[in-house]
Structure formats: C-alpha cells, structure tokens
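Everything below concerns the one structure shown next.
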Amino acid sequence: MSDLPALRQKIDSLDATLVNILNERARVSLDIGVAKRKDTQTDEKEEADVQVFRPGREQEIYKKLTRLNSGPLNDDSLQAIFREIMSASIALQKNVSIAYLGPPGTFSHQAAYKRLGDSVAYVPQKQIEGKVRAETYLPCIAIHKGLGQTQKWLSAHIPHAKRIPVKSTAEAAQKAALETGAAAVCSEICAELYGLDIVEANIEDLAANTTRFLLIGAASDSPSKDDHTLITFTVDHRQPGALCDGLKVFKDYGLNLFKIDSRPSGQRPWHYVFFVECSGHFENEDIKKALKDLEKFCLDIVVLGSFPNQRPE
Ligand SMILES: O=C(O)C(=O)C[C@]1(C(=O)O)C=C[C@@H](O)C=C1
C-alpha cells in the first residue's frame, strides 16, 4: 500500500498551521488598517483618502519572497499565493472597488485583477471619458489598439474583413460571439469568457508591445527608493521658450523624464496641457524645489501623484 494517506495527513496538519498563521497575519493587517486611518487623520480627510493598497510595500514583499524562496515552489507560484493573501488583507482593511473599462474581460479588467487579486470588487464602466477610442472590423472585430498592433497579420490574412468600431477587446469578443462568421482580436481570457474558439494566437506585429495601465486612487503611496511622479502643467504660449525653460528645471534637479505628452487643455483652441513623468516622489525635497522653480514658467501645475517604478530593469 502507498503512503498516500499518511502524506495527506501531513498536508492536513500543515494546512491547519497555515490557516492559523494566515489569520495571525490577517489580524496584524487589521491593526495596520487602524494605523493607516490614524496617519491619514480621518477627522479632516474622507475615508476615501485612506489608502490601503500600497504598491511600494507590495513590491518590497515580492522581492523579499524571491530572496527567501528556496523551492520547490517557483517564484511565480509564491507570488500568486501572496497576491491573494494581500488581496484578502486589503479587503479586511477597507471595502475597495476598482472601476475599469468594461465589459468584463477587457485588458484593463485583467490588469487590475492581476494587481489586486480576487478579494476586492471590480466594477465595469461603460466609458472612460476621453481616453478610449476604438475601431473594429467584421468579420474581424477589435479595439483601436488591438487592430493597430495586429495590422500586418490582418492585412496578410484577412485583408477584406470589414472593420467595425467598438470600445474594448471584451466588447469585440461579446459582438463576435453573437455574429456568425465574425471574429475578434482579443485576449485568451475574453475567448474563454465569451465562448469563442482561438483561430490564431500571437498575431501582434511586435511581440514586445506592452500597454501600461494606471491604477488611480485618492492618495499616493509613501516614497520608496525608486518612484516616478506624474505632473501636468501649462505654459504661457505667448512667451517664447516657456516649455523649454520648464523642462530644463527637471534637468537642473537631476530628475529624469520618462514620458512627455500633450493634450488640448479644453480652455481655448491651440492651448495644451503637458503631462510629464519624472523620477522621484513628490514628497522628496528635489521635486518640491523643482516644482517651485517650475512655477516661474507655468500658468498652472498639478501633481497627479507618485508611484513606485514598475518598469522592468
Ligand atoms: O503594509 C501595509 O501597508 C499593509 O496594508 C499590509 C499589506 C500586506 O498584507 O502585506 C496589505 C496591503 C498593502 O497593499 C501592502 C501590504
């Protein structure tokens, strides 16, 4: 006879220990929730300002786990387990709901789920104003980005497919599921969710293509050793070189710029808001000084927030 029953008994006993330890951890997490409320001084601020999700701390924890892990569990499995432990921990501290561009199964839904796990609530939104543009094709249906990134394959394999606009890959999948002979450019999860067969996988033009999603909340995480900050500003366009002077401030304080973008301000025609992503945390002295200097060249400045750098090295 095999020793299966004895091994299962061992697992049962280890599971009992794990449950106790997990609850001990959960109790500490509840105390952390109380401490965060104290630190946020909720008398003056709203409950919404109490930030329970701390990406910087989570990054530290994942790094520590990788250091501690001597197997046989692989790092990805351990991280997935801890993703759920911390998801439960977040839900214990506060009811957290994440709004994402629906319907269920969109890339923003998946990105949020990957970051926050199963214990928080996800609420699909019909539209994310001004941020989403889409176009699709029949029998091929996909969102703007999906199509933009799969054009070579589409042109080579289904050049005559009619393209129909939709807002997300999930909506594309939803539509394709209802239409005979239609297809969608979407994720495997959408295929599963909407009961579609995968005709061809990996059809993107550039395999290294990535899309970045931002998790937006009422407060930023505290500084870690490696943060990025998002700032918007407008300059006086009548003043020659105002943008150049503004950008030089970042150089003067050794703040690396990772992205600069512009959008119409909506205040008057041809007037733009500049979005800048720079190194550092807005609570750091160098950024505070840089912002003070930047004021000389700007009509207004808004610090959108800081977050731990997540870019792969
Ligand atoms: O350290 C914290 O701030 C916690 O709330 C604890 C904890 C955890 O469970 O480890 C939970 C949520 C945060 O996103 C990070 C870590």
Side-chain angles (χ1 to χ4, degrees), residues 14-71 73-100 107-123 212-230 277 279-284 303-313:
L14 287 167
D15 283 350
T17 311
L18 270 177
V19 170
N20 285 334
I21 290 178
L22 285 173
N23 276 314
E24 204 176 314
R25 192 186 193 283
R27 278 189 286 275
V28 177
S29 169
L30 281 170
D31 290 343
I32 289 183
V34 174
K36 280 177 186 167
R37 279 180 178 80
K38 262 193 201 147
D39 287 352
T40 319
Q41 293 166 329
T42 31
D43 290 351
E44 296 148 42
K45 290 193 173 183
E46 297 285 318
E47 169 70 4
D49 289 336
V50 179
Q51 203 212 343
V52 290
F53 174 58
R54 301 290 177 113
R57 172 67 183 148
E58 293 200 357
Q59 222 174 33
E60 261 176 40
I61 291 177
Y62 289 132
K63 277 191 191 147
K64 176 193 66 188
L65 291 173
T66 306
R67 270 198 319 272
L68 290 174
N69 186 22
S70 52
L73 275 181
N74 70 42
D75 289 340
D76 285 348
S77 305
L78 199 62
Q79 288 213 359
I81 293 166
F82 269 79
R83 170 63 281 139
E84 288 311 323
I85 291 175
M86 291 193 280
S87 178
S89 172
I90 289 168
L92 272 180
Q93 291 180 27
K94 187 176 164 181
N95 285 333
V96 171
S97 332
I98 309 292
Y100 68 91
F107 283 118
S108 48
H109 186 195
Q110 288 175 54
Y113 189 84
K114 201 170 159 193
R115 207 29 82 161
L116 285 137
D118 207 41
S119 294
V120 304
Y122 296 93
V123 189
R212 184 161 66 147
F213 295 90
L214 298 180
L215 189 61
I216 297 166
S220 284
D221 201 352
S222 25
S224 71
K225 288 190 193 92
D226 181 16
D227 296 298
H228 285 189
T229 295
L230 278 177
E277 179 181 349
S279 57
H281 192 286
F282 67 81
E283 286 178 18
N284 294 350
V303 178
L304 296 177
S306 298
F307 50 90
N309 174 22
Q310 317 263 316
R311 293 178 189 223
E313 274 133 39

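Counting from 1, the numbers follow the sequence of the chain as shown. Indexing begins at 1, ligand by ligand and atom by atom, following the structure's order. This one's a predicted model, so the numbers in the text were calculated from it and none came from an experiment.
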- Please work out whether any backbone atom (N, CA, C, O) or any side-chain heavy atom from C-beta onward of Ser29 is under 4.0 Å from ligand 1, and answer side chain, backbone, both or neither. neither

- Taking atom types as modelled, find out whether Thr66 and Asn69 have a side-chain donor-acceptor pair closer than 3.5 angstrom. no

- What residue and atom, counting heavy atoms only, is the protein's closest point to atom 2 (C) of ligand 1, and at what distance? Lys36 NZ, 3.6 Å

- Between Tyr122 and Tyr113, is the gap from one ring center to the other below 6.0 Å? yes

- Task: Please report which non-hydrogen protein atom sits nearest to atom 10 (O) of ligand 1, along with the residue it belongs to and the distance in Å to one decimal place.
- Result: Arg25 NH2, 2.8 Å

- Query: Against heavy atoms of Phe53, which atoms of ligand 1 measure under 4.0 Å?
  - Reply: 14 (O)

- Note on the structure: Looking at Leu116, Ile61, Ile32, Ile90, the heavy atom closest to atom 6 (C) of ligand 1 belongs to Ile32

- Task: Give a yes-or-no answer on whether the side chains of Asn74 and Ser77 include a donor-acceptor pair shorter than 3.5 Å.
- Result: yes

- atom 16 (C) of ligand 1 has as its nearest protein heavy atom Arg57 CG, 3.9 Å

- Query: Aromatic rings His109 and Tyr100: how do their planes relate, parallel, tilted or perpendicular, breaks at 30° and 60°?
  - Reply: parallel

- Nearest heavy-atom contact between Gly305 and Ser220 is CA-OG, 3.3 Å

- Query: Do Gln93 and Ser29 have a side chain donor and acceptor closer than 3.5 Å?
  - Reply: yes

- Query: At what distance is the nearest protein heavy atom to atom 15 (C) of ligand 1, and which residue and atom is it?
  - Reply: Glu58 CG, 3.6 Å

- Could you check atom 11 (C) of ligand 1 against the protein and tell me its nearest heavy-atom contact, residue, atom and distance included? Ser89 OG, 3.3 Å

